[in-house]
Amino acid sequence: MTQHAERVQITEAGAYRYRIPRHGAMRVPGVVFASPELLPQAAGDQALDQVVNVAALPGVVGASYAMPDVHWGYGFPIGGVAATDVAAGGVVSPGGVGFDISCGVRLLAADCDRAEIAPRIGALLDALGRRTPRGAGRGAVWHIGRRDLDRVLREGARHAVERGHGVQRDLERCEDGGVLTEADPAAGRVGDRARERGLGQLGSLGSGNHFLEVQEVETVHDEATARAMGLVAGQVCVMIHCGSRGLGHQICTDQVRTMGRAMRRYGIEVPDRQLACVPADSPEGRDYLAAMAAAANYARANRQLLTESSRAAFAETVGHGLDLVYDISHNLAKIETHRVDGETRRLCVHRKGATRALPPGHPELPPDLAEAGQPVLIPGTMGTASYLLTGVPDGDAWHSTCHGAGRVESRHQAAREVNGGRLRAELEARGIAVRGTTARGLAEEAPGAYKDIDAVVTAAEGAGLCRRVARLVPLGVVKG
DNA sequence: ATGTTC
């Protein structure tokens, strides 16, 4: 029997902004950035209940935030952002990062326009498909031993580049330079099972909503910023959306198990056991963050290897190169410094299905992007648009914005309503080349199962979280 | 998301 929670009470609080006043165990209010249409409304959708639950985490400051693409997730909503004050016993929660640790997006810019590659798009997609292991399970392009895997976990994309998989400039265009140096995959943090799964999947795409797309810059909203990021209208790009595969999933599973036990020792109570958490500055909290960083490094190395596969496919079919625009995660907890009530505080910022969006002038930007701001990469649904955004001064929610379209139908529901073969034919008829894995996999990712990406970005921009730079549309898609 | 149910 299903028991439906009482509807969460929300009030309008400005442009594309709703507020959930504090009640019950909430330590801070909830803030939801959305239009009326984007608010979770399906019966049984408990995303807003999850926003309320997150507001009860020990040490949480500001608000429990939800982005316009928010939907139900494990403990935390996907599209949720919450920060805790580390020095005040603020917690870290694996549920606030998600199972696909450091899942993220990479955008590559080709030195050619659509017309130039149009005659060879089929051959290009064939080559990309052939070189990109995808779907559930094994499939690596870089076969390494345990010692090298340990270096991947410690050094991320930097290690891949050191071993010849990429160029130095790639690292300059990765968040954190492609490596979280606090990673520590010591035994007890990253187990044998996680390592075993990771060894067989380096350079693979995965499944679900992960994809590799050849895209065209369809609309440039801000020419100067787009140019500073290396993009002009009509240009061909590659967008890669994937994460830490089975390794990240296994690390999350293992950490959630141990954290559930540790939580009781700290006397922490949470409204949902999926919000298991411990103080970020505790032995168990530091263990989680070190293991999470190792998984994040794997994800960044993985995207680096997928980049090299794409470069090889472009070189052999169309004879063009690919420059990295940026690589950004949307599933991560980060220790960051922010102003809270007039004081500088160290916060553990959880972004789960939410993207960091640094404004122009932020000290963490690479020098050649200092004036433009951080490229914020928003993958849309298969067959629809994707966006390049940037951060804004005084960006809300600790400089965060949306991460994608946001699912509104379950995979099961989508698969029941859509015929994968027909969907593929429709995409091909619209000129979008498709290299999929299974018909069911395609059906589960049908555009109708997601919110409208244009509406999500309009809400994120309207709420003052980010600014549009360019809109990209697919020419061909390789689906996991 | 995930060797799609340890």
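Just so we're on the same page: letters track the sequence lines, and every chain starts at 1. As a basis for the values below, the full set of heavy atoms in this structure was taken, side chains included, without hydrogen atoms, waters or symmetry mates.
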Rounded to the nearest Å, what distance is computed from the CD atom of residue Gln413(A) to the P atom of nucleotide dT4(B)?
23 Å
In this structure, how many angstroms lie between the P atom of dT4(B) and the CZ atom of Arg440(A), rounded?
13 Å
Indicate, with a heavy-atom threshold strictly under 4.0 Å, whether Gly208(A) touches base, sugar-phosphate, or nothing.
sugar-phosphate
What is the distance, rounded to the nearest whole Å, between atom CD1 of Ile101(A) and atom C1' of dT2(B)?
12 Å
Does Gly246(A) reach a base, just sugar-phosphate, or nothing at all? Heavy atoms under 4.0 Å.
sugar-phosphate
Looking at every strand, decide which applies to Gly206(A) at a 4.0 Å heavy-atom threshold: base, sugar-phosphate, or nothing.
sugar-phosphate
Mind checking Arg193(A) for me? I need base, sugar-phosphate or nothing, with any heavy atom below 4.0 Å counting as a touch.
base
If I take atom CD in residue Gln250(A) and atom C1' in nucleotide dC6(B), what distance separates them, rounded to the nearest angstrom?
10 Å
Take Arg411(A) and Arg257(A), find for each the nucleotide of DNA chain B with the closest heavy atom, and name the residue whose nucleotide sits nearer the 5' end.
Arg411(A)
Side chain to side chain, Tyr16(A) and Glu461(A), heavy atoms closer than 4.5 Å
no
Kindly say if Ser207(A) contacts the phosphate of dT2(B), meaning a side-chain N or O under 4.0 Å from OP1 or OP2.
yes
All salt bridge (Lys or Arg N to Asp or Glu O under 4.0 Å) counterparts of Glu364(A), not counting sequence neighbours:
Arg356(A)
Whole angstrom is fine here: how far is it from CZ in Phe99(A) over to C1' in dC6(B)?
13 Å
From CG of Leu442(A) across to P of dT4(B) the rounded distance in Å is 20 Å
Between Leu205(A) (CG) and dT2(B) (P), how many Å, whole number?
9 Å
Do any pairs count as a ring-ring contact (aromatic ring centres under 6.0 Å, His included) and have a residue in residues 178-212 of chain A, sequence neighbours left out, and if so which ones?
His210(A)-His241(A), Phe211(A)-His241(A)
Does Arg300(A) form a side chain to side chain donor-acceptor pair (under 3.5 Å) with Ser329(A)? I'd like the steps, not just the answer.
CA-CA 9 Å; Arg300(A) 286 132 196 248; Ser329(A) 168; 4.6 Å; no
Can you check whether Arg189(A) reaches Asp184(A) side chain to side chain, under 4.5 Å on heavy atoms?
yes
Give the rounded distance in Å between these two atoms: OH of Tyr74(A) and P of dT2(B).
17 Å
Scan Gln201(A) against the nucleic acid and name what it touches under 4.0 Å (heavy atoms): base, sugar-phosphate only, or nothing.
sugar-phosphate
